[in-house]
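As a basis for the values below, the full set of heavy atoms in this structure was taken, side chains included, without hydrogen atoms, waters or symmetry mates. Below, chain A is the first sequence line, B the second, and so on; all start at residue 1.
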Amino acid sequence: MADIVDTKTPSNFIRAIIEEDLKTGKHGGRVATRFPPEPNGYLHIGHAKSICLNFGLAQSFNGTCNLRFDDTNPAKEEVEYVDAIKEDLRWLGFDWQDREFFASDYFDQLYTLAVRLIKDGKAYVDSLSAEEIRQYRGTLTEPGRESPFRKRSVEENIDLFQRMRDGQFEEGSHVLRAKIDMSHPNMLMRDPTLYRIRKAPHHRTGEQWCIYPMYDFTHCISDAIECITHSICTLEFENNRALYDWVLDQLALPCRPHQYEFARLNLSYTVLSKRKLIQLVKEGIMSGWDDPRMPTLSGLRRRGYTPEAIRNFCERIGVAKANSVVDVALLEHTIREDLNRRAPRMMGVLRPLKVTIENYPDGQVEELDAVNNPEDPAMGSRSVPFSKVIYIEQDDFREEPPKKYFRLAPGREVRLRYAYFITCRDVIKDPATGEVIELRCTYDPATRGGDAPDGRKVKATLHWVSAAQAVDARVRLYDRLFVKSDPDEKVDGKTFLDFINPESLEVLDGCKLEPALGNASAGALYQFERLGYFCFDIRESSPGRPVFNRTVTLKDSWAKITQNSRKTP
RNA sequence: UGGGGGAUCGUCUAGUGGUAGGACUACGGACUCUGACUCCGUCUGCCGAGGUUCGAAUCCUCGUCCCCCAGCCA
């Protein structure tokens with residue numbers, strides 16, 4: 001049944017293009033895509049969109065999707081990132097089999113092709129400084145000027161390029177440039193740089209090279225080498241397509257891929273720019289790339305998000321060419337939807353309020369039967385201990401209940417889930433502070449299990465935990481990272497860092513959980529009834545003191561009634 | 001005032017000359033041993049102005065607004 005949802009992938013303009021290409025036999029009926037991350041950061045939910053698109057396309061059209069690391073800038077790239085990216089990709093549920101490539105695998109071929117361009121008079125070594133090149137480039141409205149080195153002979157260019165490779169020059173002294181058109185209206189076509197000198201070790205090729213190819217030269221050729229048919233990237237590369245095509249047209253390689261662009265994902269209440277994410281990590285604002293508040297896949301994973309929820313989200317947001325911002329509420333919806341059907345229900349009291357059942361026998365402990373998941377009877381049931389002293393949520397009692405408040409109040413009867421009806425008889429306060437520290441209640445033995453034989457109803461059912469058997473835990477309540485839906489919005493000199501939600505993490509200690517939660521396994525997901533979904537964080541847990549992360553709250557219409565104050569700027 | 005793209009409910013997205021549909025959100029209601037889930041209902045939309053046409057979100061014209069490009073980043 002769930003399959004019905006999973007198999008209907010909504011169409012989009014890229015699928016339409018592919019269907020058309022298949023019809024006309026453009027690539028001989030082949031569909032080959034690739035996911036090309038630069039290993040200079042961790043994957044985030046925006047990458048997930050691209051991953052789902054590229055792998056999803058391959059899957060639907062019986063094609064292939066390669067993993068290719070775009071590692072042409074040794075200054076920024078690290079193996080740590082390569083490993084993390086692969087782990088996240090696998091976790092998300094995608095398999096690239098043996099098709100794992102690196103642009104750096106092609107450095108030899110790239111070099112050979114660059115030499116060919118030089119020999120064809122289509123590239124030259126420029127010895128202008130970076131600053132001079134910038135000045136020669138012109139502006140958006142004025143054409144650029146040709147470099148004085150543009151007319152160097154083929155022989156001289158070959159020699160210089162060879163010596164660049166041999167390490168005879170300093171960084172910045174020379175670059176290899178394509179010879180296109182310095183007055184081209186598209187700035188990228190004004191003799192773009194193809195190679196630069198970088199005397200830095202590369203995470204894979206080590207000291208082997210001291211010149212590195214630029215993105216525009218590398219990417220299209222890598223696509224062609226891998227015989228990619230549809231090279232899908234984001235909107236900001238639209239201008240690069242002209243250069244992508246130019247390079248491939250000059251080289252006439254056996255395969256001829258084409259580039260298509262779609263709008264990258266933006267999500268409300270978070271940031272998805274790699275630069276900003278790195279900043280949050282490097283400046284210690286987040287505990288790491290996998291801080292559960294991060295929109296990274298590793299952060300979401302630790303937060304308790306499932307691959308299924310993320311994939312489903314990626315499917316629902318669609319693929320188009322217009323810049324857009326997806327409401328994070330949709331992401332929250334997909335994780336609730338997934339967890340609702342798979343997460344076992346448990347009872348846990350986050351802010352305990354002691355309740356003594358006066359007429360319950362001292363020392364008696366009953367095991368009550370509780371359903372594990374009403375959405376899935378196959379998940380069976382468990383037993384939960386009940387005794388004279390229990391805890392309920394502080395929120396579930398009001399000395400002076402407002403109207404529409406159904407929960408416990410003096411003299412009022414409510415149900416304890418799977419247990420008994422109890423009535424509040426007395427309120428005990430701390431004489432010093434006036435704070436309610438204990439409730440004295442009575443129970444109705446006839447309501448065991450939660451039903452009254454006389455058919456009387458109660459308006460509320462509360463979750464609870466028996467004090468003696470409770471597991472003490474730390475619970476980390478996570479909320480949205482930013483208080484503004486668009487943290488990048490320019491507001492008098494403020495940056496996104498000024499809008500970090502001070503309540504994005506609240507740590508609660510002394511939480512009381514039902515005993516079954518005492519031996520949760522790594523990453524286990526639960527619904528704490530009436531509260532939300534929580535994930536066992538084994539890394540933060542210690543023996544006898546488990547730690548749970550709140551993935552997302554349950555929808556809460558009572559909270560909506562009370563605090564209609566949650567503003568959305 | 002160079003070039004390349006883009007504008008459909010609050011948000012995302014279908015629709016390619018024939019009743020503007022879905023999802024999320026919001027708001028009502030039903031149900032309920034989770035104020036959850038589920039179900040039902042409601043609200044709100046084709047950037048603007050002309051034109052072509054029996055008929056336009058769709059085609060044409062002219063505007064408007066938004067995004068991208070002046071890295072030896074990707």
[N] to [M] separation - [atom1] atoms, rounded to the nearest Å:
{"N": "B:C46", "M": "B:A7", "atom1": "C1'", "answer": "10 Å"}
{"N": "B:A36", "M": "B:C27", "atom1": "P", "answer": "12 Å"}
{"N": "B:G2", "M": "B:C9", "atom1": "C1'", "answer": "37 Å"}
{"N": "B:C59", "M": "B:A26", "atom1": "C1'", "answer": "37 Å"}
{"N": "B:A23", "M": "B:G15", "atom1": "C1'", "answer": "15 Å"}
{"N": "B:C65", "M": "B:A30", "atom1": "P", "answer": "49 Å"}
{"N": "B:U52", "M": "B:U58", "atom1": "P", "answer": "15 Å"}
{"N": "B:A57", "M": "B:U8", "atom1": "C1'", "answer": "7 Å"}

Is a donor-acceptor pair below 3.5 Å formed from side chain [X] to base [N], judging by atom type as modelled?
{"X": "A:Arg316", "N": "B:U13", "value": "no"}
{"X": "A:Asn239", "N": "B:C68", "value": "yes"}
{"X": "A:Glu375", "N": "B:U38", "value": "no"}
{"X": "A:Arg134", "N": "B:G71", "value": "no"}

Which part of the nucleic acid, if any, lies within contact of [X], taking any heavy atom under 4.0 Å across all strands shown: a base, the sugar-phosphate backbone alone, or nothing?
{"X": "A:Met189", "result": "nothing"}
{"X": "A:Ser268", "result": "nothing"}
{"X": "A:Leu531", "result": "nothing"}
{"X": "A:Leu243", "result": "nothing"}
{"X": "A:Pro374", "result": "base"}
{"X": "A:Arg417", "result": "base"}
{"X": "A:Tyr212", "result": "nothing"}
{"X": "A:Val458", "result": "nothing"}
{"X": "A:Gln527", "result": "base"}
{"X": "A:Asn240", "result": "base"}
{"X": "A:Phe313", "result": "nothing"}
{"X": "A:Thr139", "result": "base"}
{"X": "A:Asp451", "result": "base"}

Around atom CD of A:Glu170, are there more than 12 heavy atoms of other residues, nucleotides or ligands at under 6.0 Å?
-> no
On the 0 to 90° scale, with breaks at 30° and 60°, tag the A:Trp464-A:Phe386 ring pair as parallel, tilted or perpendicular.
-> perpendicular
Parallel, tilted or perpendicular for A:Tyr244 and A:His219, by the 30°/60° rule?
-> tilted
Taking the chi torsion of B:G71, is it syn (within 90° of 0) or anti (everything else)?
-> syn
What I want to find out is whether [X] reaches [Y] closely enough, with some N-O distance under 4.0 Å, to be called a salt bridge.
{"X": "A:Asp556", "Y": "A:Arg530", "answer": "no"}
{"X": "A:Glu308", "Y": "A:Arg342", "answer": "yes"}
{"X": "A:Asp451", "Y": "A:Arg456", "answer": "no"}
{"X": "A:Glu236", "Y": "A:Arg264", "answer": "yes"}
{"X": "A:Arg150", "Y": "A:Asp126", "answer": "no"}

Can you figure out which of [options] approaches the side chain of [X] most closely?
{"X": "A:Glu238", "options": "B:C24, B:C72, B:G4", "value": "B:G4"}
{"X": "A:Met187", "options": "B:G35, B:A74, B:A70", "value": "B:A70"}
{"X": "A:Arg407", "options": "B:C24, B:G35, B:U34", "value": "B:G35"}
{"X": "A:Asn73", "options": "B:C67, B:U25, B:C73", "value": "B:C73"}
{"X": "A:Lys555", "options": "B:A36, B:U34, B:G2", "value": "B:A36"}
{"X": "A:Phe406", "options": "B:U13, B:U34, B:G35", "value": "B:G35"}
{"X": "A:Arg198", "options": "B:G4, B:C24, B:C72", "value": "B:C72"}
{"X": "A:Leu140", "options": "B:C73, B:A70, B:U34", "value": "B:A70"}
{"X": "A:Val175", "options": "B:A74, B:A26, B:C72", "value": "B:C72"}
{"X": "A:Leu554", "options": "B:A74, B:U13, B:A36", "value": "B:A36"}

Indicate yes or no for a side-chain donor-acceptor contact from A:Arg382 to the backbone of A:Val371 under 3.5 Å, with no hydrogens or angles considered.
-> yes
Upstream residue (5' side of RNA chain B) when A:Val326 and A:Lys404 are each assigned their closest nucleotide = A:Val326
By nearest-nucleotide position on RNA chain B, the 5'-leaning member of A:Ile317 and A:Gly450 is A:Ile317
Integer-rounded Å distance: [N] [atom2] and [X] [atom1]:
{"X": "A:Glu142", "N": "B:C69", "atom1": "CD", "atom2": "P", "result": "19 Å"}
{"X": "A:Phe13", "N": "B:G5", "atom1": "CZ", "atom2": "C1'", "result": "11 Å"}
{"X": "A:Ile14", "N": "B:G5", "atom1": "CD1", "atom2": "C1'", "result": "14 Å"}
{"X": "A:Leu339", "N": "B:A36", "atom1": "CG", "atom2": "C1'", "result": "13 Å"}
{"X": "A:Asp556", "N": "B:C37", "atom1": "CG", "atom2": "C1'", "result": "14 Å"}
{"X": "A:Leu188", "N": "B:G71", "atom1": "CG", "atom2": "P", "result": "10 Å"}
{"X": "A:Arg530", "N": "B:U32", "atom1": "CZ", "atom2": "P", "result": "18 Å"}
{"X": "A:Asn12", "N": "B:A23", "atom1": "CG", "atom2": "C1'", "result": "16 Å"}

So what does the secondary structure string of RNA chain B come out as, 5' to 3', with Watson-Crick or wobble pairs under 3.5 angstrom, [ ] for crossing and | for pairs with another strand?
-> .((((((..((((....[..)))).(((((.......)))))....(((((..]....))))))))))).....
Distance only, no hydrogens: is a donor on one side chain within 3.5 Å (strictly under) of an acceptor on the other, for A:Tyr443 and A:Glu413?
-> no
Decide, applying a 5.5 Å centre-distance limit and a 30° plane-angle limit (both strict), whether A:Trp558 stacks on B:G35.
-> yes
Is any side-chain nitrogen or oxygen of A:Ser324 closer than 4.0 Å to OP1 or OP2 of B:U13?
-> yes
With respect to the phosphate group of B:U34, does any side-chain polar atom (N or O) of A:His463 fall under 4.0 Å of OP1 or OP2?
-> no
Axial cation check for A:Tyr526 ring with A:Arg345, 6.0 Å and 45° limits = no
Are A:Phe107 and A:Tyr212 close enough that their ring centers fall under 6.0 Å?
-> yes
